Amino acid sequence: MASRRELAHLIRTYFHHTEGRGKNCVVELFRRGELDYFFAYPEDYSQQSIEWVDGEFGRRPHNPAFEVIYVYSQKEGSLDLNFRGSYKAIEPLQGMFATAILKLPELPSDPKDGRVYNLNPLRQKSFDFVYDLGSGIQGVAVKKLRLSSKVKKGNRITLEADAVGNPDAVYDLLDKIGKSVPLHLYNVTQVELAASVMVDADKPPKSVTIRITHPNSCSLKYDELDLKLRDMLEASGIEPKEPTEGADAAEAAEA
């Protein structure tokens, strides 16, 4: 029951944040054979019906629900999703199920999802993170880079530094390594970011670690705070996209 309440909360928060609907949500569970059916009913936009009641004409407001259906097979470890809405919501809805019901720390990379993260821009010290001042985000810094060789599969270099004391610390390490290693022969296949976010005005900013791994895995969930950080990533150009020939293909081969 607690897991279903958590799933309902994540769905409600996501749709309220992205589409302005979903003020309320309930999740019901039905088991049929070896399959578990999770029916989620988030609140849709308010509507008015025009009708006659006892000879009187009027408009009656009502709050319909829309439907999100998960079909999970524990035996096969498979998840099917039925949702009539934006394709962009499919991956987040799957991630919410993984978080609330399966208790996974993050949604694994989907081999059927052809989109990939291009993380190479993050190797530049001049990379700018973009976020709204009203988001509560105080700052974002790169604290870890994993470089994978384009030449020899399996060869990796991992750099990690304290980004709190020096936001450019990992880049200082990268400069040192670059004096003896041909870094142009490596792709960035994993990054960890340290984000400082003001959650409560009476408390110090909260530190959040964001881990992004090629091809399309991200550690962020879909609660209110993590949705703000996902908005920041998207605004900064860090989002999975359809791969282009060349660099993305080589990166995928060495991830």
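This structure is a prediction, so every number in the text was calculated from the model and none was measured.
Note that OH of Y117 and CD1 of I238 are 8.5 Å apart. Values are rounded to the nearest 0.5 Å. Atom CG of N118 is separated from atom NE2 of H214 by 8.5 Å, given to the nearest 0.5 angstrom. With rounding to the nearest 0.5 Å, the separation of CG in L185 from CG in N155 is 11.0 Å. Rounded to the nearest 0.5 Å, atoms CZ (F57) and CH2 (W52) are 6.5 Å apart. The distance from atom CD1 of I137 to atom NZ of K206, rounded to the nearest 0.5 Å, is 13.0 Å. The CG atom of L122 sits 9.5 Å away from atom CD of Q124, with the distance rounded to the nearest 0.5 Å.
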Exercise for review: Give the C-alpha distance, both sets of side-chain angles, the deciding distance and a yes or no for side chain to side chain contact (heavy atoms under 4.5 Å, CB included) between D132 and K228.
Suggested key: CA-CA 9 Å; D132 293 332; K228 291 179 180 179; over 6 Å; no

Check your understanding: L145 and T158: side chain to side chain contact (heavy atoms under 4.5 Å, CB included), yes or no, with the steps?
Key -> CA-CA 6 Å; L145 290 171; T158 300; over 6 Å; no

Practice item. Could you go through the salt bridge (charged side-chain N to carboxylate O under 4.0 Å, His left out) check for D226 and K221 one step at a time? Key: CA-CA 6 Å; D226 283 12; K221 305 297 190 298; 5.7 Å; no

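Around atom NZ of K125, more than 12 heavy atoms belonging to other residues, nucleotides or ligands sit under 6.0 Å away. In K103, the NZ atom is crowded: over 12 heavy atoms of neighbouring residues, nucleotides or ligands sit closer than 6.0 Å. Annotation for H17: atom NE2 counts as buried by contact number, over 12 foreign heavy atoms lying within 6.0 Å.
Transitive grouping of hydrophobic side chains (ILVMFWY, heavy atoms separated by less than 4.5 Å) brings Y131 and L225 into a common cluster. Under the 4.5 Å side-chain heavy-atom criterion for Ile, Leu, Val, Met, Phe, Trp and Tyr, V188 and V151 are members of the same hydrophobic cluster. Grouping the Ile, Leu, Val, Met, Phe, Trp and Tyr side chains by contacts below 4.5 angstrom, directly or via other members, places F39 apart from I90. Note on Y14 and Y87: same hydrophobic cluster, where clusters join Ile, Leu, Val, Met, Phe, Trp and Tyr whose side-chain heavy atoms are under 4.5 Å apart, directly or indirectly. Grouping the Ile, Leu, Val, Met, Phe, Trp and Tyr side chains by contacts below 4.5 angstrom, directly or via other members, places Y41 apart from Y45.
Here the closest heavy-atom approach between residue K203 and residue M198 is recorded as O-SD, 3.5 Å. The two residues K143 and T209 make their nearest non-hydrogen contact at NZ-OG1, 2.9 Å. Residues S135 and V197 share a closest heavy-atom pair of O-CG1, 4.5 Å. The shortest non-hydrogen separation linking L173 to L159 is C-CD1, 4.5 Å. When all heavy atoms of V130 and S236 are compared, the pair lying nearest together is N-OG, 2.8 Å. Contact detail for N120 and Y186: the closest heavy-atom pair is OD1-O, 4.5 Å.
Between R4 and L29 the shortest side-chain heavy-atom distance falls below 4.5 Å. No side-chain heavy atom of T99 sits under 4.5 Å from any side-chain heavy atom of L104. Y171 has its side chain within reach of V142: a pair of non-hydrogen atoms, C-beta onward, lies under 4.5 Å apart. For the pair L233/I212, a side-chain contact is recorded, criterion being any heavy-atom separation below 4.5 Å from C-beta on. Between R115 and E91 the shortest side-chain heavy-atom distance falls below 4.5 Å. Contact check for T189 versus L147: no side-chain heavy atoms found under the 4.5 Å cut-off. L102 places a side-chain heavy atom less than 4.5 Å from the side chain of F97. By the 4.5 Å heavy-atom criterion applied to side chains, E28 and F38 are not counted as neighbours.
Using a cutoff of 4.0 Å between basic side-chain nitrogens and carboxylate oxygens, K88 and E239 are not scored as salt-bridged. A salt bridge is absent between R146 and E160; no separation between the charged side-chain nitrogens and carboxylate oxygens falls under 4.0 Å. A salt bridge links D44 to R21: one of the charged nitrogens lies within less than 4.0 Å of a carboxylate oxygen. A salt bridge links R60 and E51; the closest N-O separation between the charged side-chain nitrogens and carboxylate oxygens is under 4.0 Å.
Of the options R5, R12, E6, a side chain to side chain donor-acceptor pair (under 3.5 Å) to H9 is made by R12 and by none of the others.
For the residue pair T213 and Q190, a side-chain donor N or O sits within less than 3.5 Å of a side-chain acceptor on the partner.
Listed for the E34 side chain is no donor-acceptor partner under 3.5 Å among the backbone atoms of R32. Side-chain atoms of K150 come within 3.5 Å of backbone N or O of H184 as a donor-acceptor pair.
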Side-chain donor/acceptor pairs under 3.5 Å, residues 77-84, sequence neighbours excluded:
none

Side chains of residues 61-75: which donor-acceptor partners sit under 3.5 Å, not counting sequence neighbours?
from, atom 1, to, atom 2, distance (Å)
N63, OD1, S46, OG, 2.7
Y70, OH, L93, O, 2.8
S73, OG, E76, N, 3.2

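For D162, the side-chain hydrogen bond (donor to acceptor under 3.5 Å, both in side chains) criterion is met by no residue, not counting sequence neighbours.
A cation-pi geometry, defined here as NZ or CZ lying under 6.0 Å from the six-membered ring centre and within 45° of its normal, holds between R230 and Y222.
Ring geometry for F129 versus F127: interplanar angle over 60°, hence perpendicular rather than tilted (30 to 60°).
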